[in-house]
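Structure first, commentary second.
Only this structure's heavy atoms are used, side chains among them; waters, hydrogens and symmetry mates stay out. One-based numbering, in listed order, for ligands and for the atoms of each. In this text, all values refer to a predicted model and were calculated from it rather than measured experimentally.
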Amino acid sequence: MEIQLQIQRQRPQGAPYTQSYRLDVDPSATLLDCLLQLKGEQDGSLTFRKNCRNTICGSCAMVINGRSALACKENVAGELRAFPDQTEAGLPVITAAPLKNLPVVKDLAVEMAPFWRDLEAVAPYLQTEAPPQGEEFRQTPAQREQLNALGNCILCGACYSECNAKQVNPDFVGPHALAKAQRLLGDNRDQADAQRLAEYNSAVSGVWGCTRCYQCNDVCPMDVAPMDQIGKIKQRILAQESAASSRPVRHRKVLVDLVKAGGWVDERKFGVYVVGNYFRDLGGIASVLPLGLRLLVNGKFPLTFHPSQGTRTVKALIERVEAGADLSQT
Ligand code: SF4
Ligand code: SF4
Ligand code: FES
């Protein structure tokens, strides 16, 4: 069958432009097959990365029809089914562009150095004393089982490309790095949990930088579910830190405490408790005063608080979640 491939081409500092190619392909061909055919038959200057052709090496990730994916995993028939209305001059169209959040080297190849730097920032290796001579590290099947899904990450960059937090906050280490961080926290051989949790407990670079947009879970070709892994790290931090320890921790704890107390957030207290650390941080309070005054002057600052009529139900639900209940079954 004949399709049109619309490929975003670009050189460093150059403006991106779209080049269209007609291609006769088998519907079962992968996008990578199409690109290889195109390069061999029509345009040897087209640049992209690939290696294993089999969803193992992670090097062929690119933006296909608008979302980050592996070119060797997605095939023509699947793309046409998912985007039936995408046509031009009577031909079905498939688009390809380089990964986002990374500088373009040429066409579909991006510079991966920032991705590796961010991974390095979470110390992505076991930190442990060597076992006594003649012995080895041992794990039970259950301990090993914990690492299975996390170990499947092929470091393709699809999650990094779609990460909304990374787009606006270059210091955020990204979903791939935090998924790896959880893989190490979940490894019974690693002995650096306390140090790791302290490092990952950052509002900017660490777990609190994630905006929970779900995109990384959505695009990961290996079902690593990075956002879920970030959630597990947050739970561990929240379980061991007090509200006084840091603003991100206080933000979560104050939110839950206020909703438990009144069914919804008492906005008069929220800012003062979180930023002002329950009136202990006078500098923090001073920093929100101008905003508070502006709200007051414009009639936006609530002077009174009316608890929700459903406060008891909300409180009971929160307590059940805190006790580990699965509310999806109720
Ligand atoms: S977590 Fe998934 S999407 Fe992200 S780098 Fe690993 S395999 Fe790719
Ligand atoms: S859920 Fe968090 S880490 Fe994942 S893509 Fe969204 S902001 Fe990034
Ligand atoms: S070429 Fe290796 S994952 Fe696609």
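When heavy-atom distances to ligand 1 are checked against a 4.0 Å cut-off, Cys159 comes that close through both its backbone and its side chain. Heavy atoms of Lys166 found under 4.0 angstrom from ligand 2: none, in either backbone or side chain. Residue-level proximity to ligand 2 for Ile230 is carried by the side chain, the only part with a heavy atom below 4.0 angstrom.
Arg67 and Glu74 are joined by a salt bridge, as a carboxylate oxygen and a charged side-chain nitrogen come within less than 4.0 angstrom of each other. In this structure, Arg9 pairs ionically with Asp43, as a charged nitrogen and a carboxylate oxygen lie closer than 4.0 Å. The pair Lys232-Asp228 fails the salt-bridge criterion, with no side-chain N (NZ, NE, NH1 or NH2) lying under 4.0 Å from an Asp/Glu carboxylate O.
The closest donor-acceptor contact from the side chain of Glu2 to the backbone of Leu91 lies at 3.5 Å or more, if one exists at all. Between the Gln195 side chain and the Glu199 main chain, no donor and acceptor come within less than 3.5 Å of each other. At least one donor-acceptor pair closer than 3.5 Å links the side chain of Lys73 to the backbone N or O of Pro221. Side-chain atoms of Thr87 do not come within 3.5 Å of backbone N or O of Gly90 as any donor-acceptor pair.
Taking the six-membered ring where the residue is Trp, Phe115 and Tyr160 present perpendicular rings, their angle passing 60° and hence far from 30°.
Counting atoms of ligand 1 from 1 in the listed order, those under 4.0 Å from a heavy atom of Pro221 are 3 (S). Close approach of ligand 2 to Tyr214 is summarised as follows: ligand atoms under 4.0 Å from at least one heavy atom of the residue are 1 (S), 6 (Fe). Those atoms of ligand 1 with a heavy atom of Gly157 less than 4.0 angstrom away are 5 (S), 8 (Fe). Of all atoms in ligand 2, listed by their number and element, those nearer than 4.0 Å to a heavy atom of Ala165 are 7 (S). Close approach to Cys153 involves these atoms of ligand 1, each under 4.0 Å from a residue heavy atom: 1 (S), 5 (S), 6 (Fe), 7 (S). Numbered from 1 in the order shown, with element, the atoms of ligand 1 that lie under 4.0 Å from a heavy atom of Cys220 read 1 (S), 2 (Fe), 3 (S), 7 (S). When each atom of ligand 1 is checked for a heavy atom of Pro226 under 4.0 Å away, the hits are 1 (S). Every atom of ligand 1 with a heavy atom of Leu155 under 4.0 Å away is listed here by number and element: 5 (S), 6 (Fe). Close contacts between ligand 2 and Met227 involve ligand atoms 1 (S) [criterion: under 4.0 Å to a heavy atom].
One option in Asp218, Thr211, Val207 has a heavy atom closer to atom 7 (S) of ligand 2 than any other, and that option is Thr211.
Among protein heavy atoms, atom 2 (Fe) of ligand 2 sits closest to Cys210 SG, 2.3 Å. Given atom 6 (Fe) of ligand 2, the protein heavy atom at minimum distance is Cys213 SG, 2.3 Å. In terms of protein heavy-atom proximity, atom 8 (Fe) of ligand 2 is closest to Cys163 SG, 2.4 Å. Looking only at heavy atoms of the protein, atom 4 (Fe) of ligand 2 is closest to Cys216 SG, 2.3 Å.
With values rounded to the nearest 0.5 angstrom, Tyr200 atom OH is found 10.0 Å from Arg236 atom CZ. Rounding to the nearest 0.5 angstrom, the gap separating the OG atom in Ser245 from the CG atom in Asn201 is 6.0 Å.
Sparse packing is recorded around CD of Gln309, with 12 or fewer heavy atoms of other residues, nucleotides or ligands lying under 6.0 Å away.
The hydrophobic cluster containing Val256 also contains Val314, counting ILVMFWY residues as joined when their side-chain heavy atoms lie under 4.5 angstrom apart, directly or transitively.
Smallest separation of non-hydrogen atoms from Ala97 and Gln8: CB-OE1, 3.7 Å.
Between the side chains of Thr18 and Gln6, no donor N or O sits under 3.5 Å from an acceptor N or O.
Neighbouring protein atoms of atom 2 (Fe) of ligand 3 (N, O or S, distance under 2.8 Å, waters ignored): Cys52 SG, Cys57 SG.
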